Amino acid sequence: MKIYLDWLKDYVDPELSTEEVGRLLTFGGLEVEAQEQTLLSDGRKADVLELNVTPNRGYALSHMGVARELAALAGTPCKIESPMQALEAVWGPDPIDACLKVTNNEPELCARYSALAIDGVEVKPSPQWLADRLTAIGLRPINNIVDITNYVLMEYGQPLHAFDADLLAGSEIIVRRARSGEAFTALDGTELKLGDDALVIADASKPAALAGIMGGQGSEVTQKTRKVILESACFHAPTVRKASKKYGIRSDSSMRFEREVDFEGVVQAQARAALLIRELAGGSIRKGRIDLVSRPSGARMVTLRPARVRQILGTEISADEISDCLRRLGFGVAESGDSFEVTIPSFRPIIEREIELIEEIARLRGYRNIEPEAPRGAIQAVAFTPQQQATRQTRNALSQAGYCEAVNFSFSAEKQARYFMSAFAPKAAQCIALNNPLSEELGVMRVSLLPGLLNAAKGNISRGQKPVRVFEQGAIFYRTEAGERIETAALAALAVGPYEPNVWKESGASCDFYDIKGALETAISDLRMTIELKATDRDFLAPGGADCLIDGVVVGYIGALSDAIQRAWELPHVAYAFELDFNALTERLPEPPKFHSIPKFPEVYRDISVLVDRAVKAGALTEQIRAAGGPLLRRIDLYDHFEGKKIEKGKKSLTYSLSFQSPDRTLSDDEINPIFEKIVNTLSEKLGATLRE
């Protein structure tokens with residue numbers, strides 16, 4: 001927005017230099033982007049400021065709006081007179097109703113439409129003072145009628161349009177939506193095919209203007225014009241914005257309507273323009289105006305609390321200073337107990353909330369006058385919930401085990417989701433489809449984390465990454481048969497491909513069930529939980545898969561993925577995975593461990609190596625050892641498992657390290673030996689185990 005300083009002095013004269021005016025406006029929120037001088041026709045130089053007007057300050061897209069701001073910032077009076085009485089004093093004898101009919105078919109999109117009729121005008125070049133003011137701010141003079149509408153636009157910020165009355169079919173104006181495909185040629189020559197979302201000002205047969213944006217060639221003012229219809233209106237801002245973008249027409253008019261105009265200023269600016277036309281183009285202004293108003297025009301009130309102002313700004317500011325700031329900006333202020341009832345002027349249409357008034361006070365008082373202050377408050381430690389702690393522990397454990405964490409979309413392709421519908425969802429459950437998916441491959445909410453991990457594995461393998469070890473923690477979703485939407489947390493890991501070069505692994509060998517089982521045990525190791533595996537027949541797992549149980553409740557599954565999934569994801573190796581219902585898992589977390597003082601006496605160690613049938617599980621031996629060891633047995637560690645030619649056929653050798661400790665004395669062999677013998681006898685009686693010699 002360009003402001004001509006000599007023009008500005010018609011309303012406010014703070015007796016400041018151009019630089020001081022620019023500084024005041026910049027600190028008041030109207031940043032001066034450039035200061036320039038324009039050469040006028042008589043050789044004088046015009047000082048012009050170019051302002052960066054933000055979208056919330058549409059009122060400043062006019063010389064009057066900037067004058068109000070400058071007066072408030074400088075503390076000087078602002079002289080703005082109403083032209084309404086002067087207009088009524090020069091009305092001619094003929095009424096406007098006799099020559100024009102106006103119908104508003106879209107009151108929601110056009111809150112106010114006002115029309116004046118002026119007869120006997122003479123279209124000619126504008127006087128030099130008017131042409132100079134327009135030239136100074138970068139507008140090209142055209143003729144006196146058009147120049148006056150542009151002049152008042154830049155003076156009041158209210159767009160106007162002048163129609164040649166003789167070119168309006170039926171002497172009628174209709175505010176309506178365009179018909180689909182209706183033709184319209186704008187003043188700049190742009191030919192359009194309008195849609196029914198466009199708002200137009202039409203005569204009895206055709207559109208005469210694209211509302212709020214630009215007039216049409218069919219009714220423009222020319223040298224032949226003798227009768228003028230002067231339009232002033234208040235159009236729906238979003239409608240103007242959408243039409244301007246859609247049809248590619250950006251104008252000074254549309255820019256102001258998009259930011260909302262002064263509802264009361266509609267007739268004020270129109271009166272000013274009509275008087276100028278009478279003065280510079282002659283003619284007679286018909287009596288009365290057609291003014292169609294479709295919404296109440298009463299004053300808006302907002303309650304403002306001085307205490308809230310001080311709280312938001314973080315500084316002491318008195319109630320009198322608050323009141324003074326608002327009054328200087330044109331707001332009405334009335335005390336009401338501990339608060340103010342603030343009347344919002346019509347030229348500030350977007351002010352609706354208390355916080356917006358506080359912003360006005362802050363910028364007028366000066367942000368630089370608000371002393372910086374460090375925030376005060378106690379910082380309290382944030383305790384993690386058991387679920388959060390479990391999430392952190394499992395993530396860290398899998399990361400340290402060599403698995404990379406993946407973060408995938410919460411969406412998947414429905415075809416992929418169908419493979420895992422039975423993972424956690426009950427029978428007859430359905431996928432939750434998206435109304436507006438990003439793509440067909442992301443059309444439903446995921447029912448399992450594995451499709452995302454499989455996609456990640458496929459992408460890595462196709463780019464030459466042979467071993468893939470990934471995991472993810474996230475939410476899964478499904479809809480029950482009754483239509484209820486369910487969201488639950490899950491943890492999944494996937495291992496596929498050969499081992500990296502390793503002296504402990506056979507060259508070229510691929511990962512197997514025990515690798516993913518090790519990852520599962522690692523993930524829950526810090527949770528102090530034990531997972532039991534039980535054979536399962538899930539259709540997406542290959543034979544040998546198992547359900548994961550805690551306290552007899554199924555919380556997930558583990559195993560090799562089926563051949564159908566291998567083919568669907570085109571994996572060159574068997575993929576092994578586990579997935580846990582993390583909510584079900586954390587619901588069964590044991591109580592937090594209690595602190596025990598560190599024992600003062602040393603541990604005593606014994607090793608026991610036994611032969612047992614291959615069918616006997618190592619866990620069964622551990623349970624029997626613990627039962628027989630009593631309270632002095634502290635730890636049991638299996639550190640060797642051997643099967644081979646030196647072992648009797650059908651047998652295996654298991655070696656355990658046992659640790660004994662007492663809190664009140666050092667244990668002697670005489671105390672340990674009986675316990676050790678009891679363990680040997682128990683293993684022999686219960687499981688048929690014998691000591692290995």
Side-chain angles (χ1 to χ4, degrees), residues 375-412 417 420-426 429 431-432 444-453 456 469-480 482-495 516-534 546-558 577-598:
R376 289 173 291 181
I379 299 176
Q380 299 179 345
V382 178
F384 291 108
T385 65
Q387 290 79 6
Q388 291 172 325
Q389 187 64 31
T391 298
R392 292 163 62 90
Q393 289 175 328
T394 52
R395 178 184 289 125
N396 291 338
L398 286 170
S399 297
Q400 292 167 8
Y403 283 70
C404 297
E405 184 173 9
V407 180
N408 292 304
F409 283 118
S410 296
F411 322 124
S412 68
F420 298 94
M421 277 303 300
S422 61
F424 297 108
C431 297
I432 300 176
V444 299
M445 303 298 290
R446 63 187 179 187
V447 297
S448 166
L449 300 180
L450 287 184
L453 296 181
R469 309 286 188 273
V470 288
F471 77 95
E472 183 174 8
Q473 289 177 316
I476 59 175
F477 314 84
Y478 59 87
R479 181 185 283 109
T480 65
E484 181 184 5
R485 296 175 181 177
I486 302 297
E487 175 183 349
T488 188
L491 167 67
L494 178 77
I516 199 66
K517 180 175 180 288
L520 173 61
E521 292 172 344
T522 299
I524 65 168
S525 59
D526 290 340
L527 304 182
R528 297 174 295 107
M529 303 178 77
T530 301
I531 283 187
E532 178 186 355
L533 300 184
K534 183 179 180 181
D547 282 334
C548 302
L549 290 79
I550 295 180
D551 299 333
V553 177
V554 176
V555 297
Y557 56 86
I558 185 173
F578 75 78
E579 186 170 26
L580 302 176
D581 182 337
F582 207 69
N583 285 349
L585 181 76
T586 54
E587 287 173 0
R588 291 162 178 80
L589 288 172
E591 292 294 324
K594 296 181 180 179
F595 173 77
H596 295 280
S597 59
I598 299 174

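None of the values given here were measured: they were computed from a predicted structure.
Note that CE of M529 and CG of D551 are 7.0 Å apart. Values are rounded to the nearest 0.5 Å. A distance of 9.0 Å separates OG1 in T394 from CG in L580, rounded to the nearest 0.5 Å. Rounded to the nearest 0.5 Å, atoms CD1 (I516) and CZ (F471) are 11.5 Å apart. C431 SG to Y478 OH: the interatomic distance, rounded to the nearest 0.5 Å, is 12.5 Å. From S448, atom OG reaches atom CG of L453 across 8.0 Å, with rounding to the nearest 0.5 Å. Distance check: I432 CD1 to R485 CZ gives 6.0 Å after rounding to the nearest 0.5 Å.
Side chain of E579 to main chain of A423: no donor-acceptor pair is present (N/O by atom type, distance under 3.5 Å, no hydrogens or angles). R392 places no side-chain N or O within 3.5 Å of a backbone atom of Q388 that could act as its donor or acceptor partner. With R469 contributing its side chain and A493 its backbone, the two residues share no donor-acceptor pair below 3.5 Å. Judged purely by atom type and a 3.5 angstrom limit, R446 uses its side chain to pair as donor or acceptor with the backbone of F409.
Residues L398 and L491 meet the side-chain proximity criterion, which asks for heavy atoms closer than 4.5 Å. Residues L585 and L527 form a side-chain contact, since some pair of their non-hydrogen atoms from C-beta on lies under 4.5 Å apart. Residues I476 and V447 form no side-chain contact, since every pair of their non-hydrogen atoms from C-beta on lies 4.5 Å or further apart. Between L494 and L449 the shortest side-chain heavy-atom distance does not fall below 4.5 Å. Counting heavy atoms from C-beta on, the side chains of F424 and T488 never come closer than 4.5 Å. A heavy-atom distance below 4.5 Å is not found between the side chains of C548 and V554.
Heavy-atom minimum distance, E487 versus A475: OE2-CB, 3.6 Å. Residue D547 comes nearest to L549 through the heavy atom pair O-CD1, 3.5 Å, listed as atom of the first residue, atom of the second, then distance. Across all non-hydrogen atoms, the minimal contact from A390 to T586 is CB-CG2, 3.9 Å. Smallest separation of non-hydrogen atoms from A577 and L450: CB-CD2, 3.8 Å.
With hydrogens and angles left out, the side-chain atoms of Q473 and T391 include no donor and acceptor closer than 3.5 Å.
Applying the side chain to side chain donor-acceptor pair (under 3.5 Å) test to every pair with at least one member in residues 519-532, sequence neighbours left out, gives these pairs: K517-E521.
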